[in-house]
Structure formats: structure tokens, C-alpha cells
Amino acid sequence: MDNSVIIGSGALPALAELLYRPAVSRVFVLVDSNTARQCLPALLPHLPADYKLIEIPAGEEYKTLASCDTVWCELTGQHADRHAVLVNLGGGVVTDLGGFAAALYKRGIRFVQVPTTLLAQVDASVGGKTGVDFQGYKNQLGVFQVPAGVFIEPKFLETLDPRQLKSGYAEVVKHWLIADAEAFNTNRRLGWLTDDWTSIIQESVALKQRIVADDPLEAGPRKLLNFGHTVGHAIESYLLTQPGREALHGEAVAAGMVCESWLSVQRGLLSAEELDKIETFVFSVFDKLDFVTLETNAIAEFALQDKKNAGATINCTLLSGIGQGVYDQPVTVAEIAESLRYYHRLQA
């Protein structure tokens, strides 16, 4: 469970309090090429003068051990000791990768998350999951490591384009579908745009914290948070192998939620009426992802590497109703491929 999650205008001042404690020997800030330009200026007044900047390229394709090597080389070259703190300023790639790099450096130094995208603010930065992609598979390498704090400033969202905002919104919708039917039914009529994301961030973070508190290492109920991700990660991983066709994480998860909702209907868990509501809402926000029927088997094969699997069994999180997720539901590669063909046939 995260020691501290602070949301709102007081987040960055609270971060400064942590960084100026005598127990902190050095402060390192990890950014990508986007957050260095768009977000770092807002953070600078809250950093000690002798902080050291570490920059990696922006993009999922750089969520790799090679980028970790960049971080480790900088920390080593600067003689960072075990009392150093790594501040991860960015979206899901930076917070995941930075947490992983910090957890391994000298067997673990403290890190804090300063998420700058909606996806990272409502999901990736909270809960203590860290990791990198490996051999084309999403988050194949990683550890559970709780950050020293998560500091969420909603104003960073003003730096995002609508596509990035939508990507994060997919994780909000996921939270509603697995645990909050009332919020789903209210918000599907309101549309996704808002002038102030603070309350939505607070509600999503609170929901995720409740689930994680009961199951920090994902042995049981925390698997609910993977709804949409078994198929979604397979789609995302496959499209990453196709230059120019890459999908954002939330775009792939949105498609995955439609596919896994359809699988829920096939299992007799979800009604056709509920599936229709989910599809209508998802396609009112997200464009349909483009792939051809001949690709569905290849996409489905990526699910064989899903982290929830047990041996050769692909374990999926499905819905027994809107607002009611059920985890450890075995599915086959053939069933995932059929769900992708169903998605392909839909008129968005």
C-alpha cells in the first residue's frame, strides 16, 4: 500500500517537504523528452538546487532495460547512495520504469511518483507495481515496490492532448465496470470531457487503494484491476510490432474491455443488454482499433504471456454484471481470437 497519496494543489509543496528532509542525501529526477519540456518547469520550485536530472526518450518503445541502464549509469556515475531519492515525473512509462530502476539500484532506493498523465494519475502510479517491457511483452519484468509517496497535481493534465486524456480515461471506466455500477450509469450519460478532473482522480485512486490494500501482491482480488488488460495487452503488444500502427495503452484496454465483456456474455455472466451499454459508451469515447480478421490469432497468442496465467491456463477478469468483476476466469487463445473477431465486426 502506498505510504502517501496526495492529490491537488498541495501535492508539490508536500513533495518538497519530503525531499528536504535530512535523511535524503541526493535527489534525482527522471523525466522523458516530453515531461522535461512540459512539466519540469512546474516542479523546479519544489526541488533542491543540487538535484540531478535523468532523461529518457518518450514512448512505450523505450520502456526497456536499455532505458533502465541509462538510469543506473547516471545514478552510479553520480555516486548515488542508498539514501538518494528518485523522483519519477511522467506518465505510466516513467513511473513504471523509474520505480523498477529504483527498486533494483543498490537493492533499493526510495522513489516517489509525480504522475503527469491521467492514466498514471488514476492507475499506473498507485499501488506499487513497477516494471518494463521485454521481448515485446508488456511489463514482462517487474517487482512490487511501494513508493515513498505519490504526488498528483491535476494541472499537469493541461499539457495533454485529447488522445492522451482519453487513454487515461479508459482506466477510469475500468474501475467503474469492476466496482461502481452507479458511477458507470451516471457518467455514460455525461460524456468524458470535464473542466476539473480532481474528483474523478480522487474516486479512482480511492477505489484502487481499497482493492490493493486487501491484496498488495495480486494473489486474489487485485486481479480485478486487470479487466480489459488480458486482451488489451495482447492488442497493444501486437501493434507495437507493427511500425506506425501503435496504440496507446488506454486505447488497447478500451478494446480489451469490449472483448472481455463479450466473453462474459458467452459465459452467461453478463447480459446482452449490459454488453450493449458498455459497447455504446466505449465507442462514444474511443475510436475503434484497426486490425484485420487474419491478425486475430496472432494477437491472441500474445495472451499466453499474460502475468495472471497459471501454467497453460490464461486467467482473465470478466464481469458478472456492470460494477461486478470476477477474476481467475480461464479462457483459451481460441476464445480470445473469437472475441477479437467479434470486436472487428462491430460498427463503431
Within 6.0 angstrom of Tyr342 OH, more than 12 heavy atoms from elsewhere
yes
Main-chain N/O of Cys39 paired with Asn34 side-chain donor or acceptor, under 3.5 Å:
no
Applying salt bridge (charged side-chain N to carboxylate O under 4.0 Å, His left out) to Lys223 and not counting sequence neighbours gives Asp328
To the nearest 0.5 Å, what is the distance between OG1 on Thr198 and CD on Glu153?
8.0 Å
Pick one: which of His175, Gln121, Lys174 meets side-chain hydrogen bond (donor to acceptor under 3.5 Å, both in side chains) with Ser204?
His175
Ring geometry between Phe281 and Tyr169 (parallel below 30°, tilted from 30 to 60°, perpendicular above 60°)
perpendicular
Tell me which donor-acceptor pairs under 3.5 Å the side chains of residues 100-114 have, and how far apart each pair is, sequence neighbours excluded?
{"from": "Tyr105", "atom 1": "OH", "to": "Leu75", "atom 2": "O", "distance (Å)": "3.4"}
{"from": "Tyr105", "atom 1": "OH", "to": "Ala80", "atom 2": "O", "distance (Å)": "2.7"}
{"from": "Arg110", "atom 1": "NH2", "to": "Ala23", "atom 2": "O", "distance (Å)": "3.1"}
{"from": "Arg110", "atom 1": "NH2", "to": "His83", "atom 2": "O", "distance (Å)": "3.4"}
{"from": "Gln113", "atom 1": "OE1", "to": "Asn88", "atom 2": "ND2", "distance (Å)": "2.9"}
{"from": "Gln113", "atom 1": "NE2", "to": "Thr95", "atom 2": "O", "distance (Å)": "3.0"}

Please check this pair: side chain of Asn315 against backbone of Tyr327, looking for a donor-acceptor N/O pair closer than 3.5 Å.
no
Expected output: side-chain Glu171 to main-chain Leu119 donor-acceptor under 3.5 Å:
no
Taking the side chain from Asp32 and the backbone from Thr35, do they hold a donor-acceptor pair closer than 3.5 Å?
yes
Should the pair Phe283 and Tyr343 be assigned to parallel (<30°), tilted (30 to 60°) or perpendicular (>60°) ring geometry?
tilted
Measure the spacing between CZ of Phe302 and CG of Leu239 and express it to the nearest 0.5 Å.
9.0 Å
